[in-house]
Amino acid sequence: MATTFTAPKLSSPTFQTLCRNLPVFTPVPNTLSSFSRHRHHYRLQLQQQRRSLFVVRAESENGSEPLRHYDFDLFTIGAGSGGVRASRFAANFGASVAVCELPFSTISSETTGGVGGTCVLRGCVPKKLMVYASRYSHEFDESNGFGWKYDTEPKHDWSTLMANKNAELHRLTGIYKNILGNAGVTLIEGRGKIVDPHTVDVDGKLYTARHILISVGGRPFIPDIPGSEYAIDSDAALDLPSKPEKVAIVGGGYIALEFAGIFKGLQSEVHVFIRQKKVLRGFDEEIRDFVGEQMSLRGIKFHIEESPQAIVKSADGSLSLKTNKGTIEGFSHIMFATGRRPNTKNLGLESVGVKMNKNGAIEVDEYSRTTVPSIWAVGDVTDRINLTPVALMEGGALAKTLFQNEPTKPDYRAVPSAVFSQPPIGQVGLTEEQAIKEYGDIDVYTANFRPLKATLSGLPDRVFMKLIVCAKTNKVLGLHMCGDDSAEITQGFAVAIKAGLTKADFDATVGIHPTSAEEFVTMRTPARKIRQGPESEGKTGQEAKAAAGEFHLRLMLIVNLQYDAKVAGWWKESFQDSFSFISESGLCAMPCHASCSNFLHMSSKKVKIIWIIFSCIL
Amino acid sequence: MARKMLVDEELTQTNPEEAHFDFDLFVIGAGSGGVRAARFSANFGAKVGICELPFHPISSEVIGGVGGTCVIRGCVPKKILVYGAAFGGELEDARNYGWELNEKLNFNWKKLLHKKTDEIIRLNGIYKRLLSNAGVKLFEGEGKIVGPNEVEVTQLDGTKLSYSAKHILIATGSRAHRPAIPGQELGITSDEALSLEDLPKRAVIFGGGYIAVEFASIWRGLGSEVDLFFRRELPLRGFDDEMRAVVARNLEARGINLHPQTNLTELIKTDNGIKVITDHGEELLADVVLFATGRLPNSKRLNLEAVGVELDKTGAVKVDEYSRTNIPSIWAVGDVTNRMNLTPVALMEGTCFAKTVFGGESCKPDYSHIPCAVFSIPPLSVVGLSEEQAIEQAYSDVLVFTSNFNPMKNTISGRQEKTVLKLVVDAETDKVLGASMCGPDAPEIMQGIAVALKCGATKAQFDSTVGIHPSAAEEFVTMRSVSRRITVSGKPKENL
């Protein structure tokens, strides 16, 4: 099986590939095809009885299962992204479907949830709304450079934002309910528990179903350290009653970075504690360096290689965080963004024999089937790639497999994703490190430039872009970007990369001027060529980093461009957008953000470097 | 370098048969196309000279500047002003997100203008250095063609230089043109509009093209009262009709007064401003009247007729697919050829020219699937065919997918403005023929879509791409149900 993860897993601390040991794949049962043969008849029946509940449908089953009547063709536990998608599509294909979900609350628990699930109520949507709100403080700063002035510094009123955000969440949960209702899906409020392979118990009432789908998602996980009861998770962080004055965020994943940006933008003092040297494990190394630096420039304080050991509440109510390096006091809030765990407790899974891995994630085959043939699972509860659009894909594929007689595997190749940090990140395909491992010989194109907006605003904002190209086939293997609009920009390129397009195809596309995105179609010279053989041109990222010592350097190179016209020409070609300053005499300074490898490459070109100014920023 | 100081009339005729020329290439005009062609030719080893008029933000027959329209009087300053103006709407939107701002916000036009000018001066310098670093010799002055292999540069002090060149490239671009109506001298063009001393309180714009709607958005965003007059029913002729209507609706919702199917007939100077009279008999007063009624190629003073370079009736230099004029040693790229007047297209033409002439590789510019953007607020961006073009060219049915949604940001800001996306698909081949979007970030979003369309991506390939959530762009890969199907049989068939 060639399917491997092409996007890093965002919330899980471990990388996985789909090629894990799955139970022997069971072909889709012949009951499906028999079902399909009855579809015509079934549809007629459906038209008459769509709205009536618990209609007993006498479908003959030619397979191993005995003839049996079920309340529903499909019973879905959990009405989040994956569950709603699977249920709606199944109903559209003619199945009778019920879905159960916990009562609405902004904070999830064993007894609360809400139609819409994590994405709508406690994830993507409220998060993005908070990002919008918080981004304004940066925009105010930017606008100064464009001639806008504020007599008094803009102040943020927390309660207005929370009220408007929650009104929007209520509207959305209502919309999701309507979507289900309009599709003819029966919504049952309550906690679902599996009793046997065809029976679900919702708060004491039993429902039978031909197929059961588990799509209960995941929840934030806070490690058990002394004082952890004082910590908040992302659920709570999205619904705080008042602005956190000084907040500690523990974790270096995408959730941690997004909240760091949110709180910073809403004028809190923000400290981020990460276990490793860099944020965003699993992302492209250069992106990790770049985003960390850009966020530091916006005033977020990173504490690297610092693990929390205890939280202490002092008499004045403020919190102190004790780490392996010391104690930092005076936090109003301490947020843990230390991963999420599948919601598989108390679902009755053990008793019916649904197998889970050691993290509690349900093990499924390529068609999202569990070890019990009538029970299926999609979304975060399976801990594959924990993204809303992936859950949608899995739910859609499942509905096709079960009720359209079209066995469909979700396709995990080139799944794009975004981090709504400030600045945001967009990525699709392989990181440089993954590409080297998988393909060996690759060409890496990078651009690190000051966007037009920043030249006027005077802010130190930059944009970093990167294309990873297979040297042999010219295919674009990965695309990474950090800077304004990264998420929006990446989507279109994801179509191109999914379609297997080559660097030549990118080059043949005319740019849209003036945009940031046009840089992706105007990258002419590789920053480095990585070859596995002895005739290697340039160095691999790893070698370069080793050679540069494990420092995180900010290099400022000042080079005399008059030295040699040819070298200067090459330099201009390669770095023309990186200049932050060019003096009349031809001296140029290029902030070489964490590009130690670029530096080595340049040295090898014998550029006459007059001065190298560098400062350790970490 | 053989440089000859010439007395008037004393023109040296260089025999083209002679192997020796002062330059392998002499480029007239250092804008996007000219600079690109010059640099790339030099990189291929050619000896290159280029001439350009002295720098000034407002162009004329005798002033211009290295960088050309895009850098000095087009894309760049325009986008800077759009950024500045977009804050107007952004700040309104901030309130519902909890931000407390003064009722009245101060905007300082002079500061923005000053910073804009600083930026284009900086870019002008960068372009000059790009040329010198590539080894291209830059001359300041007006270039003329005096023979198939001979150019003359009139310098600022009036002295003339004459050079022979194996190839001559005309890359002089274009300039805004004014309609011939009484009082037209009271109006301004986009050049002046980018350098106004004061922000107009009342602005009248005549024209329905992208320049007109961009300035309407800029001035409106900065607080001016804007009236936009155009001849058609909708602005942006040539774009997809549905998207034109979306843009018109957005402009209106942002407070711009639209006057469709209306011409300006006269401008009269009064004490209270410029009195504008329309062909509907309307009268209104304005501080500034902008003519965005088209641009004409800068081909007049090049002495082209004398050497026999053919022009079309608009004055554009006629060229073949390789950008060669009817005189084999003379070539032309960019707006002066009036093919597709976009910076990246001029760059492509310049690159192809250099490859063809000095790179040993015949290279035709490819005009299919060129994306473009209109930086109105919110912007419009398109690639490929409009619905109307697709239907006209179709051999099979055309499927149209549209998505019309309230962007997430507006759910809280309360702004009433829909984002509209559209895909036009060939029903038989499943190929996506065209994509359009009007909404925030549309130009940034469209670039990647353009790569996909350029390579013939199918709707199925769009559908198989996973979305990036939550984004506006993900709508392009989640359009499941067709909005309408246009059958070719619905078209009048001629051979029945």
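Proteins come first, then strands; the chains are lettered A, B, ... in the order of their sequence lines, and each starts at number 1.
- Judged purely by atom type and a 3.5 angstrom limit, A:W148 uses its side chain to pair as donor or acceptor with the backbone of B:G84.
- Counting heavy atoms from C-beta outward, B:E100 and A:P154 have side chains that stay 4.5 Å or more apart.
- Interface residue B:E119: only side-chain heavy atoms are found under 4.5 Å from chain A.
- The shortest distance between side-chain heavy atoms of B:K409 and A:R135 falls below 4.5 Å.
- The CZ atom of A:F146 sits 13.0 Å away from atom NZ of B:K116, with the distance rounded to the nearest 0.5 Å.
- At a 4.5 Å heavy-atom cutoff, B:H369 makes no contact with chain A through either its backbone or its side chain.
- Heavy-atom distances place the side chain of A:V521, and not its backbone, under 4.5 Å from chain B.
- Environment of NZ in A:K453: crowded, with over 12 heavy atoms of neighbouring residues, nucleotides or ligands closer than 6.0 Å.
- Residues A:T160 and B:N96 have side chains that never bring a donor and an acceptor to within less than 3.5 angstrom of each other.
- B:P443 approaches A:I512 most closely through the heavy-atom pair O-CD1, 3.5 Å.
- Only the side chain of A:E168 comes within contact range of chain B, judged by heavy atoms closer than 4.5 Å.
- Judged purely by atom type and a 3.5 angstrom limit, A:Q491 has no side-chain atom pairing as donor or acceptor with the backbone of B:E475.
- Nearest approach of A:E139 to B:F87, heavy atoms of both residues: O-CE2, 3.5 Å.
- Counting heavy-atom pairs closer than 4.5 Å to chain A, the top-ranked of the candidates B:T465, B:L101, B:T458 is B:T465.
- B:E444 has its side chain out of reach of A:E488: every pair of non-hydrogen atoms, C-beta onward, lies at least 4.5 Å apart.
- The line from OG1 of A:T490 to CD of B:Q447 is 12.5 Å long, rounded to the nearest 0.5 Å.
- Atoms CG and OG, from B:L112 and A:S143 in turn, are 11.0 Å apart once rounded to the nearest 0.5 Å.
- Put simply, of A:M162, A:H156, A:M393, the one with the most heavy-atom pairs under 4.5 Å next to chain B is A:H156.
- Between chain A and the residues B:A472, B:A373, B:A457, B:C372, the largest count of heavy-atom pairs under 4.5 Å involves B:A472.
- Within the model, atoms CG of B:N108 and NZ of A:K149 stand 7.0 Å from one another, a figure rounded to the nearest 0.5 Å.
- Between the side chain of B:K454 and the backbone N or O of A:D505 there is no donor-acceptor pair closer than 3.5 Å.
- Chosen from B:E474, B:R95, B:M348, the residue pairing most often with chain A at heavy-atom distances under 4.5 Å is B:E474.
- For B:K111 against A:G147, the heavy-atom pair with the smallest separation is CD-CA, 4.0 Å.
- B:W99 is listed as a side-chain neighbour of A:S137, based on a closest heavy-atom distance under 4.5 Å.
- B:I445 is not listed as a side-chain neighbour of A:I489, based on a closest heavy-atom distance of 4.5 Å or more.
- Between A:N164 and B:Y97 there is no side-chain heavy-atom pair separated by less than 4.5 Å.
- Atom-to-atom distance recorded for A:C124:SG and B:I468:CD1 is 12.5 Å, nearest 0.5 angstrom.
- Nearest heavy atom pair, residue B:S464 against residue A:K498, reads O-NZ, 2.8 Å.
- Here A:A133 is the residue among A:S134, A:A133, A:A496 with the most heavy-atom pairs under 4.5 Å with chain B.
- In this structure, A:K165 and B:I412 have side chains that are in contact, with non-hydrogen atoms separated by less than 4.5 Å.
- Formation of a donor-acceptor pair under 3.5 Å by the B:E90 side chain with backbone atoms of A:Y136 is not found in this model.
- The minimum heavy-atom distance between B:P470 and A:K128, with the atom names listed, is O-NZ, 2.8 Å.
- Between A:Y132 and B:D93 there is no side-chain heavy-atom pair separated by less than 4.5 Å.
- Your options are A:L456, A:T388, A:V125, and the one with the most heavy-atom pairs under 4.5 Å with chain B is A:L456.
- Of the inter-residue distances, the one linking B:L453 atom CG with A:T509 atom OG1 reads 9.5 Å to the nearest 0.5 angstrom.
- Summarising the geometry of A:G511 relative to B:P344, their closest heavy-atom pair is O-CG, 3.2 Å, with the distance given to 0.1 Å.
- For chain B, no part of A:F520 is nearby; none of its heavy atoms comes within less than 4.5 Å.
- Considering only heavy-atom pairs separated by less than 4.5 Å from chain A, the leading option among B:H114, B:M408, B:K110 is B:M408.
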Run A:L129 and B:T411 through side-chain contact (heavy atoms from CB on, under 4.5 Å) and show every step you take. CA-CA 9 Å; A:L129 293 175; B:T411 59; 3.7 Å; yes
